Structures are given as C-alpha cells and as structure tokens.
Amino acid sequence: MTFDRDARAALADGQLRGALRQATTLFGERRRAALATVPDWESARDRARAIKDETLAHLDRYLEEFVANAERAGARVHWARDAAEACDIIGEIAERRGARTVVKSKSMASEEIHLNAALARRGIEPVETDLGEYIVQLAGETPSHIVVPAIHKTKAQIAALFADKLGIAPSDDVATLTAAARAALRRRFAEAELGISGVNFAVAETGTILILENEGNARLTTSLPRTHVALMGIEKVIPRFADLDVFLQLLPRSGTGQVLTAYQSLLTGTKRTPEDEGPEELHIVLLDNGRSRMLASAVTRQALACIRCGACLNACPVYRQIGGHAYGSVYPGPIGAVLSPQLFGLARSAALPYASSLCGACREVCPVKIDIPALLLHLRGQVVERGAGKSRVLERLAFRAYAAVMQRPHVFEWVVGVARRLRIMPPLAAWTKWRDLRPLAPRSFREQWRAGLRDQGGADA
Amino acid sequence: MRSGDARAQILRVIRENLAQGLEPSPPRHLAAPGSSPPVPLSVPESSPPVPLSVPERGEGRRSPSPEGRGGQGVRIQHFTEQLSAVGAQWTFVRSETEAGAALARILTEAGARRVVGSDAPVVQRILQAVGNGIAIDRLEQLSRDDLFACDAGVTTAQWGIAETGTLVLESARERSRLLSLVPPIHVALLSTRCICESLGDALARVSTSSHAITFITGPSRTSDIELTLVVGVHGPQTVHVLLMEES
Amino acid sequence: MRVSLFVTCLADQLWPSAAVGAVALLRRLGCAVEFDERQTCCGQPAFNTGYRPAARALARRQIEIFESSAADAIVSPSGSCSAMVHHYDQLFDDAGWRARAKGVAERTHELSSFLVNRLGVEDVGATFSARLTWHDACHGLRDLGIKHEPRRLLRHVRGAELVELPPPGAETCCGFGGTFSVKYPEISVAMLDEKVDAIERAGVDAVVSGDVSCLMQIAGRLSRRGSTVRALHLADVLASTP
C-alpha cells in the first residue's frame with residue numbers, strides 16, 4: 001500500500017506543504033466570503049441535494065431522457081460500461097475522424113479511464129489545454145488537486161519546465177509563463193481536428209451538456225475542431241434546465257469562491273446548419289465504470305451527488321498536510337477517499353477510508369451535503385468485513401480482546417489496575433515517538449466514586 | 001452492436017442496484033420536488049427571434065427582482081457594477097452612431113489592426129464607423145489562421161445578467177461563438193432592455209434551439225500557477241460592453 | 001434533576017478529574033448524580049475502526065445499562081462519546097433496537113450542552129484565574145452542534161480570560177481521530193503541530209476542551225515540545241472554586 005509511503009514523502013516536502021497551506025487557506029476564505037452572497041445558502045444546498053437524490057433514484061429514466069433529447073438535437077451518444085470500453089469508443093471516433101491533433105479540456109473522467117495512454121497507443125497524442133493540466137502533462141506527472149492541478153509546483157519549477165519543453169527563457173513572472181503556454185496551445189487549437197472535454201452537468205429535459213471554466217480552453221476545445229467528444233460519468237445528469245441555476249450558484253462559490261466562472265458553455269446537439277459555427281459531430285460518451293453499483297444503498301449512493309467542486313479538499317486537515325498525490329488516485333481528498341475504493345475496488349484503496357480523522361469538515365462544506373464521514377465509516381466496516389488491504393491479524397485480536405474486556409467491568413478494572421500498578425502502558429511507539437503519554441491516574445473515577453464521591457464525600461481532583 | 005449491448009447492460013445494472021437500495025435516503029433536507037417518477041418532457045420548440053423588449057419576471061427565480069424599486073434603472077446599475085467587479089469594461093451609448101464612435105475609439109486605443117464582426121446587422125452597421133487603418137473582416141471570409149490573427153471580435157449579446165455581470169450569447173440568434181472567444185478583445189453590444197436580474201432569469205429566457213449558449217463573465221483568467229491571477233489566457237483578455245440605452 | 005453519569009472509559013481511567021469535576025459541578029447546581037458501575041466503553045473505537053459487530057455488542061450493553069436508569073438525563077464529559085450514542089441507531093437493522101437506541105440517545109447530553117441548554121445555566125459559580133483558549137472537539141462541534149455553550153460557560157468563570165485560537169483556529173481538528181493517531185501518526189502530528197503552534201501564538205496559560213481524547217493528543221505534544229501551556233478539561237475549569 002503506497003499511501004503510507006507517499007504520505008510520508010509529502011509530509012517531508014516543505015515546499016509542497018507550504019503551497020497546500022496557502023492554497024487551502026485562500027480557497028477556504030474565498031469560499032466563506034462567496035457563500036455570504038447567497039441569501040439562503042443552506043436551503044440552496046438542500047435543494048441541490050434533493051435534485052441529486054431525485055435523479056439518482058431514477059437514474060435510468062433520466063439517462064434515457066437525456067439521451068433521447070441529445071440525439072434528437074444531433075448528438076451521438078455512446079455507452080461505456082468500463083474504462084477500456086470508453087477508451088475504445090473514443091479511440092475509434094478519433095481514428096474514424098482522421099484526428100491527428102487532439103486537444104483536451106479538463107476532464108477527471110478522462111484521467112479515471114487513462115484515456116491519454118490509450119490514445120497514445122493508437123498514435124494519438126492529446127494535448128491538455130487547461131493550464132494546470134498542461135503543466136502537469138509536460139512534467140509527466142498527475143494532478144494533485146481537482147481545481148488547481150499544478151498546485152504542488154512552484155513558479156520556479158514551472159519556469160524551468162517551460163524553458164526545457166517550450167524553449168523559452170526562464171522567467172519568474174507568472175503572466176509571462178502563462179503567455180508562453182497560451183502561445184504554444186494556440187497553435188494546437190488552430191490545428192485541432194478533435195476536441196475532448198468533460199461535462200459538469202447534463203440536462204435530461206433538453207439533452208444539453210454544460211461545461212464550466214475560466215480560461216477559455218474548453219470553449220476552444222469544443223467549438224473549433226470538427227469533432228467534439230464529451231466524456232461524462234452517468235451521475236452527471238440532472239432533470240431540468242432550470243435546475244442548473246442552483247448548481248451554478250453552489251459550484252463556483254464552493255470551489256474557488258467565485259460567484260461565476262468566466263465561461264459556461266451550454267451545448268445542445270450539433271449545429272443546425274453547416275454554415276453555423278461549431279463541430280460537425282458531437283459524441284457524448286456515458287461512463288459507468290462502477291458508478292451503477294454505488295446505487296445499491298443510500299449511504300454509498302450519495303457519493304454520486306458529487307459535483308467535483310473541490311471544497312472538501314480545501315477544508316480537509318489531512319489533505320492540507322499531504323496533498324493529492326499521496327491518495328494515489330485521480331480522485332484525491334475526502335471525496336476521493338470514498339469514491340476511489342468504490343470505483344477501483346477496496347483491495348487497491350483499502351488505506352484511503354482510514355486516512356481521515358473523521359473531523360467532518362468536508363461534510364460541512366460539501367454543497368450537496370454528502371455525509372463523507374458516514375461513508376468513510378461504512379467503507380471501514382467493509383474493509384474489516386472483507387479483510388481487504390493489509391493483514392490485520394493483530395488488530396483483529398486487539399479488538400476482540402477489547403470487546404471481551406469491555407463487556408466485563410470487573411475484568412476491565414482489573415486489567416487497567418494491573419497496568420497501573422506495574423506502570424505498563426500499551427506499546428504504542430506510534431504515539432510516544434512524538435507525544436508524551438499521560439500516565440494512568442493514581443485513582444480512576446470509579447475508584448474515587450466508591451471511596452466516597454458517591455456519598456458526596458471528598459474527592460481528589 | 002456494442003453500444004446497444006452496453007446501453008442495455010448499464011440500464012439493467014442501474015435498475016438492479018436501485019431495486020436493492022429501495023429505502024430512500026433518510027430525509028435530512030427538503031422533500032425532493034417532483035419525486036414521483038418523471039414524465040418524459042416534450043422536445044422544446046425552437047423559439048422565434050425575440051424582439052428586444054423588457055424581460056418579464058422569469059420563473060424559478062430565487063429572490064424578487066428590484067422591479068418595484070426603480071426597476072430597470074437599478075438593474076442596469078447593478079449590471080455595470082458587476083461588470084466592473086469581474087474586470088469587464090463598459091460604455092453607455094444612446095444610438096448606433098454613438099456605438100460606432102465608441103467602438104472606433106476602443107479599437108484605436110487598443111491598437112487593433114484587424115477586426116472581425118458577426119453577422120448581426122447592427123454589428124455590420126456600427127463597424128462602418130471604424131476608421132481607416134483598421135481592416136474589417138467577416139467571419140465567413142476568414143480562414144482559421146486569419147481568425148487567430150484578428151485583434152478584436154465584435155458581436156452583440158442577447159442578454160445580460162445584472163447579478164453577475166454576465167453576457168449571454170445564443171448561437172441561433174447570431175454567429176458570435178468564435179468572435180467572442182478567439183480574438184484577444186471582445187466588444188459586445190447589448191441593449192439595456194435585455195438585462196435580466198439573475199442567473200435563473202437568464203436560464204428561463206434562453207432557448208436550447210441554440211446548439212451553443214455561452215455565458216461570459218469578464219475576461220478569461222487563471223490562477224493555476226501559484227494561485228497568482230492572470231487575466232487573459234485562452235479566451236479574450238479584454239471584454240468591452242457597449243450598453244445601448246433604449247427606453 | 002436526577003442525572004446518570006456516562007463517565008467514558010478515557011475520562012474514568014486517564015482524566016478522572018473531568019468526571020469528578022463534572023459530578024461536583026452538577027451537584028453544585030442542584031442535580032442528584034448516580035453512577036452505574038456496570039458501564040465501560042461506548043464502543044466508539046471499534047465503530048470508528050470498522051469493527052461493527054464489536055461496536056454493536058458494546059452499544060447494546062450501553063443501551064441496556066442506561067435504559068434501566070430512571071434519571072432525567074444522561075450526561076457525559078465527552079462530545080465524541082455522546083455523539084457515538086447518538087449514532088447508535090445506525091448500527092442496528094432491527095427496528096426494535098433502533099428505537100431503543102434513539103430512546104437512550106434522546107436522553108444523552110454532553111456536559112456543556114446539558115448545562116446551557118437543559119439546565120439553562122451559563123454561570124456555574126466557578127473561579128479560575130487564567131488566560132484560556134478553547135479547542136472545539138470535532139464530534140461535539142459538527143455532530144452535536146456544540147459551539148457557543150462552552151464559550152458562554154467559560155466567559156462566566158471569574159478570573160478567566162477567554163481568547164479565540166488564531167488560525168487555523170479552534171474548529172480545526174487536532175489530529176487525534178481515534179486509531180488514526182497511531183495508524184497515521186506523522187499526519188496526525190502534522191495536524192497537531194499546527195494546532196499547538198496556534199495555541200502557543202495565543203499566549204495562553206491553558207487550552208481547554210470538552211473531549212479527553214483531544215486533550216491527550218494536545219497535552220502529549222505540548223509537553224513533548226516543552227511548552228508550559230496546560231491542557232484542561234472543561235469540567236476541570238468549571239468545577240474550580242476559590
């Protein structure tokens with residue numbers, strides 16, 4: 001299990017921790033300021049969650065409605081049961097459409113299915129156009145945050161990277177670095193034959209897909225090339241066009257503290273006449289990849305309500321210390337800790353549900369009120385029940401002993417009494433390496449109770 | 001056919017899993033609106049071109065519009081305040097002549113050499129006022145490389161949203177998608193009568209007979225490098241709204 | 001008012017002053033206090049680590065013990081243990097046990113919440129001269145909504161000056177999280193150090209909290225870092241008289 005090792009490496013990285021501290025603090029402050037601009041934030045959250053619950057409870061019907069309306073408007077819809085199938089579908093579209101230059105805007109689902117690697121095997125190299133994703137792609141790394149993928153890199157590191165890959169003179173001016181990326185990507189946009197995007201929301205009522213962004217790269221990706229492929233998890237569907245309102249109120253504020261991102265593209269099918277602007281073909285790929293299984297119980301189903309805002313990452317005191325890479329998954333942070341085991345299997349991600357102090361800050365900031373701690377506890381129960389992950393022989397024994405002792409108060413007192421007299425504490429080096437351990441009190445409460453406190457006699461503090 | 005199998009299988013797995021988890025989640029929130037099985041809705045008809053007029057109260061609004069408190073005037077002011085807050089610029093104009101003059105000034109000050117206008121008749125008219133030394137193109141005539149070489153794109157906007165300082169473009173009404181995106185300067189002509197109050201209002205007004213509806217709130221931006229804000233990335237760096245005052 | 005004390009295993013064995021102080025305090029305010037010696041642990045460690053059958057067994061035991069009490073209220077000097085009892089119904093599929101769990105949960109109160117919300121008391125007649133800061137234990141804060149109660153109680157303590165913790169603030173987790181503190185000690189201590197840094201910046205004599213688990217975590221690091229700041233349970237302060 002690499003989580004332990006990667007978390008330790010992250011903790012030892014002072015620069016990373018400083019960057020994380022700054023980012024999460026800043027986003028937290030901006031979020032708080034932004035939600036004050038919504039008259040009734042709590043009821044907006046309730047409404048959004050209600051819409052998601054309604055949708056998920058009838059996901060099959062809403063998906064069918066979405067597909068019917070999208071197809072009626074000219075889109076072609078494909079269904080992908082798993083990552084491999086989705087990659088095949090997209091790869092075949094790319095080949096059939098003769099795509100040599102492919103541009104991509106932000107899509108976590110595409111990283112989930114390892115699309116870039118699959119396309120590379122077909123000799124197609126998609127270029128990431130979201131600045132943070134572009135940086136991460138050039139560096140051969142993976143994103144470390146849902147909203148700011150390159151948060152773990154300093155501008156000096158980025159300057160060196162651009163000097164190496166783009167041939168520009170190193171600069172520590174962020175605007176100059178951004179302009180260099182813009183120039184490099186502009187050429188690609190001009191040439192691109194295929195654009196691949198994600199989808200933030202898919203409206204069943206109209207067959208519309210909505211894409212939010214700040215940079216303009218998603219607009220370029222979805223309007224210039226003659227083919228647009230939009231990849232979406234099946235849980236992205238919402239019932240009505242008007243429902244977009246509450247989600248657009250919640251998502252930007254929760255994620256970055258903006259009232260609205262610079263652009264929202266609402267795309268419904270393909271252009272109506274050849275002279276219109278936009279792609280000739282729109283392909284929407286619906287991705288299951290384990291999501292449908294999560295519908296089986298209310299506690300797991302709620303994770304499908306996630307709108308990928310990133311607020312939980314910014315609020316999480318664990319994420320703040322270790323960042324996204326330690327989670328070893330395309331989905332990091334609190335939501336990642338509950339999604340990854342369910343999408344990719346408990347065996348691979350057994351550590352993640354435990355990488356939390358259960359503080360609940362994530363639940364507090366989640367715009368759709370996902371009870372992440374309850375989900376973490378549910379998954380921990382599953383891990384133990386199924387024996388997933390590393391061996392827990394000692395731990396099982398310890399809890400068996402604990403349960404046995406705690407059901408027998410006299411045994412409980414005796415065990416602790418012995419430990420107190422012999423001055424033995426459990427060999428918790430994991431505690432004592434960093435923290436002093438308070439010795440057992442000379443007399444426990446119940447001893448004092450029996451010795452006189454019960455009868456309102458004297459008591460030592 | 002593979003996709004047909006996949007569709008059937010995915011829907012089946014969804015239904016099976018939903019049947020398992022029959023107990024709805026414990027209500028910790030308001031009852032879901034319309035929680036009975038959804039009725040398939042009919043395809044929305046394409047709306048006829050809407051003449052510029054005072055927007056009516058939209059449905060699904062979350063807060064009452066300040067109609068009673070001086071109405072559209074307050075709304076226009078709110079809109080311009082928000083435009084400034086999001087980094088867009090704006091100029092009031094009272095006629096096409098003034099619009100043309102303002103446009104000419106904006107482009108000259110920006111040093112624009114090559115400008116492309118949309119197919120909206122009013123855009124073509126006000127571009128007449130733009131002086132010598134600035135080449136005017138039409139989108140249909142431009143190759144892609146030419147489009148990327150343009151300094152400014154001029155369009156109208158179908159709606160403005162006061163609450164957020166947002167411009168709304170509908171593709172069925174005008175070919176403004178690329179002109180509001182590729183050139184680094186975007187100038188948009190908007191009638192003050194088309195400013196609605198909220199996002200919800202705008203959503204109630206647009207029609208998905210437009211295959212592309214675009215909401216634009218200020219210039220493009222990013223904070224991906226060390227959280228430092230840079231304005232002007234892949235989309236325009238400058239957004240200038242010409243507010244046509246119409247009673 | 002008759003109160004049955006839910007002492008919690010940690011307070012009982014590791015921080016008895018919290019329980020002793022709670023008893024003294026409740027009596028001072030006119031409550032009769034009973035203590036059922038059969039109680040041991042609410043099962044939270046097992047529940048939080050994924051050992052649900054063990055947690056269920058201890059939950060049943062706790063429910064049976066406290067059901068048998070005729071007391072008006074069950075009061076605990078621990079937010080997390082009180083919250084655990086409030087989550088008991090999630091452990092049972094059986095409707096009967098769920099109802100019983102809810103019944104006990106309704107009567108179970110964390111100490112500060114009991115004083116302020118049930119007894120309607122904010123001034124408990126305490127004296128404690130010191131500059132203090134409060135740490136919000138996560139379960140008490142987010143599961144039970146306890147936020148203003150301890151602060152109001154502390155503000156009425158004669159001689160006490162209460163200041164809010166500087167960023168990352170009183171509400172940020174101390175890093176204990178039960179077995180998390182020993183499964184991921186480096187992360188736990190990284191979180192803890194941020195909290196202790198804030199405590200030291202606050203320039204206080206003591207940090208006060210309502211949960212023995214947090215206190216152990218914070219006290220353990222304060223002393224390891226050679227700090228003179230003390231860690232105190234709310235009941236330690238509120239029970240204090242001249």
Side-chain angles (χ1 to χ4, degrees), chain A residues 4 7-8 11 17 25 317-318 320-322 353-361 363-364 374 377 379-385 395-396 399-400 402-403 405-409 412 416 420 428 430-431 433-438 440-441 443-450 453-454 456 459-461, chain C residues 7 9 11-17 19-21 23-24 27 35 37-41 43 45-52 54 57-58 61 90 138-139 142-143 167-168 171-173 175-192 216-217 219-221 223-224 236:
Chain A
D4 298 41
R8 264 186 221 115
L11 288 171
R17 290 182 68 184
T25 303
V318 172
R320 182 185 169 89
Q321 303 300 332
I322 64 176
Y354 288 92
S356 163
S357 64
L358 299 174
C359 80
R363 179 182 57 206
E364 207 167 53
L377 288 168
L379 290 169
R380 292 181 186 189
Q382 300 270 287
V383 168
V384 165
E385 199 184 307
E395 187 182 88
R396 283 180 198 278
F399 274 99
R400 262 229 290 260
Y402 152 84
V405 165
M406 290 305 184
Q407 290 179 84
R408 298 164 179 78
F412 166 58
V416 184
R420 184 181 290 123
L428 291 172
W431 182 277
K433 187 169 174 189
W434 294 273
R435 295 156 282 206
D436 292 340
L437 196 51
R438 193 174 159 103
L440 290 166
R443 287 199 297 171
S444 67
F445 168 82
R446 58 185 75 218
E447 284 174 331
Q448 295 183 54
W449 178 263
R450 288 194 290 263
L453 185 60
R454 170 175 42 205
Q456 301 217 21
D460 30 291
Chain C
V7 68
C9 58
D12 179 22
Q13 299 295 331
L14 285 165
W15 210 291
S17 65
V20 172
V23 170
R27 283 174 173 163
F35 174 67
E37 296 189 47
R38 294 175 294 169
Q39 65 186 281
T40 53
C41 176
F47 181 64
N48 282 357
T49 317
Y51 291 86
R52 291 196 168 212
L58 295 181
R61 197 164 173 279
Q90 290 170 22
C138 293
H139 290 291
R142 297 197 178 92
D143 285 17
E171 294 188 354
T172 303
C173 182
F176 181 72
T179 48
F180 174 79
S181 62
V182 291
K183 274 182 192 279
Y184 295 109
E186 294 98 339
I187 305 176
S188 173
V189 171
M191 293 159 71
L192 177 57
M216 280 170 39
Q217 166 90 339
R221 191 66 175 159
S223 80
R224 180 63 60 92
D236 290 332

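Here is how names work: the chains are called A, B, and so on, in the same order as the sequence lines, proteins then strands, and each is numbered from 1. The model shown is predicted, which means the values in this text are computed figures rather than measured ones.
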*Please answer whether the main-chain N or O of C/F180 pairs with a side-chain N or O of A/Y354 as donor and acceptor at a distance below 3.5 Å.*
no

*By a 4.5 Å heavy-atom criterion (distance strictly below it), what part of A/R320 contacts chain C: side chain, backbone, both, or neither?*
side chain

_Taking side chain as everything from C-beta outward and backbone as N, CA, C, O, which of these in A/I322 sits under 4.5 Å from a heavy atom of chain C? Side chain, backbone, both or neither._
side chain

*Of the backbone (N, CA, C, O) and the side chain (C-beta and beyond), which part of C/A219 lies under 4.5 Å from a heavy atom of chain A, both, or neither?*
neither

*Where on A/V383 is there a heavy atom nearer than 4.5 Å to chain C: the side chain, the backbone, both, or neither?*
neither

*Got a second to check how far A/F412's CZ is from C/R38's CZ, nearest 0.5 Å?*
15.5 Å

_Taking every non-hydrogen pair under 4.5 Å, which of A/C359, A/A403, A/A361, A/G381 racks up the most with chain C?_
A/C359

_What part of A/E395 gets within 4.5 angstrom of chain C, counting heavy atoms only: side chain, backbone, both, or neither?_
both

*asked:* Salt bridge or not between A/R363 and C/D143? Use side-chain N to carboxylate O under 4.0 Å.
replied: yes

_Working note: C/V20 + A/L453, criterion side-chain contact (heavy atoms from CB on, under 4.5 Å); need CA distance, chi angles, decisive distance, verdict._
CA-CA 8 Å; C/V20 172; A/L453 185 60; 4.0 Å; yes

*Tell me, side chain or backbone of A/S356 under 4.5 Å from chain C's heavy atoms, or both, or neither?*
backbone

*Region of C/V182 in contact with chain A, defined by heavy-atom distances below 4.5 Å*: both

_Under 4.5 Å from any heavy atom of chain A, what part of C/P45 do you find: side chain, backbone, both or neither?_
both

*Could you go step by step and tell me if C/F35 and A/F445 meet the ring-ring contact (aromatic ring centres under 6.0 Å, His included) rule?*
CA-CA 10 Å; C/F35 174 67; A/F445 168 82; 5.0 Å; yes

*Is chain A contacted by the side chain of C/R61, its backbone, both, or neither, given a heavy-atom distance below 4.5 Å?*
side chain

_Atom pair CH2 (A/W434) and OG (C/S181), whose distance is rounded to the nearest 0.5 Å_ = 11.0 Å

*Looking at A/R17, A/R408, A/R400, which has the largest count of heavy-atom pairs under 4.5 Å with chain C?*
A/R17

_Gap separating the CD atom of A/Q448 from the CG atom of C/D12, nearest 0.5 angstrom_ = 9.5 Å

*Verify side chain to side chain donor-acceptor pair (under 3.5 Å) between A/R435 and C/S188, making sure each step is shown before the conclusion.*
CA-CA 11 Å; A/R435 295 156 282 206; C/S188 173; 3.0 Å; yes

*Does the A/D436 side chain pair with the main chain of C/R221, one donor and one acceptor, at a distance under 3.5 Å?*
no

*Apply side-chain contact (heavy atoms from CB on, under 4.5 Å) to the pair C/Y51 and A/R396, showing each step before the final yes or no.*
CA-CA 8 Å; C/Y51 291 86; A/R396 283 180 198 278; 3.7 Å; yes

*C/T40 side-chain N/O to A/M406 backbone N/O, donor-acceptor pair under 3.5 Å*: yes

*Which atoms of A/W449 approach chain C - backbone, side chain, both or neither, heavy atom under 4.5 Å*: side chain

*Drop me the distance from C/M191's CE to A/L11's CG, to the nearest 0.5 angstrom.*
11.0 Å

*For C/E186 and A/K433, what are the C-alpha separation, side-chain angles and deciding distance, and is it a salt bridge (Lys or Arg N to Asp or Glu O under 4.0 Å)?*
CA-CA 10 Å; C/E186 294 98 339; A/K433 187 169 174 189; 5.7 Å; no

*Identify which part of A/R8 has an atom lying under 4.5 Å from any heavy atom of chain C, answering side chain, backbone, both or neither.*
side chain

*When rounded to the nearest 0.5 angstrom, what distance separates CZ in C/R52 from CD in A/Q382?*
8.5 Å

_Under 4.5 Å from any heavy atom of chain A - which part of C/Q90_ = neither

_A/R438 to C/W15 six-membered ring, cation-pi geometry met (6.0 Å, 45°)_ = yes

*Contact part of C/L58 toward chain A, heavy-atom cut-off under 4.5 Å: side chain, backbone, both or neither?*
side chain

*Atom CD in A/E364, atom CD in C/E171: separation rounded to 0.5 Å?*
6.0 Å

_Contacting moiety of A/A441, where chain C heavy atoms sit under 4.5 Å_ = both

*Can you tell which of C/P167, C/C138, C/A54 has the highest number of heavy-atom pairs within less than 4.5 Å of chain A?*
C/C138

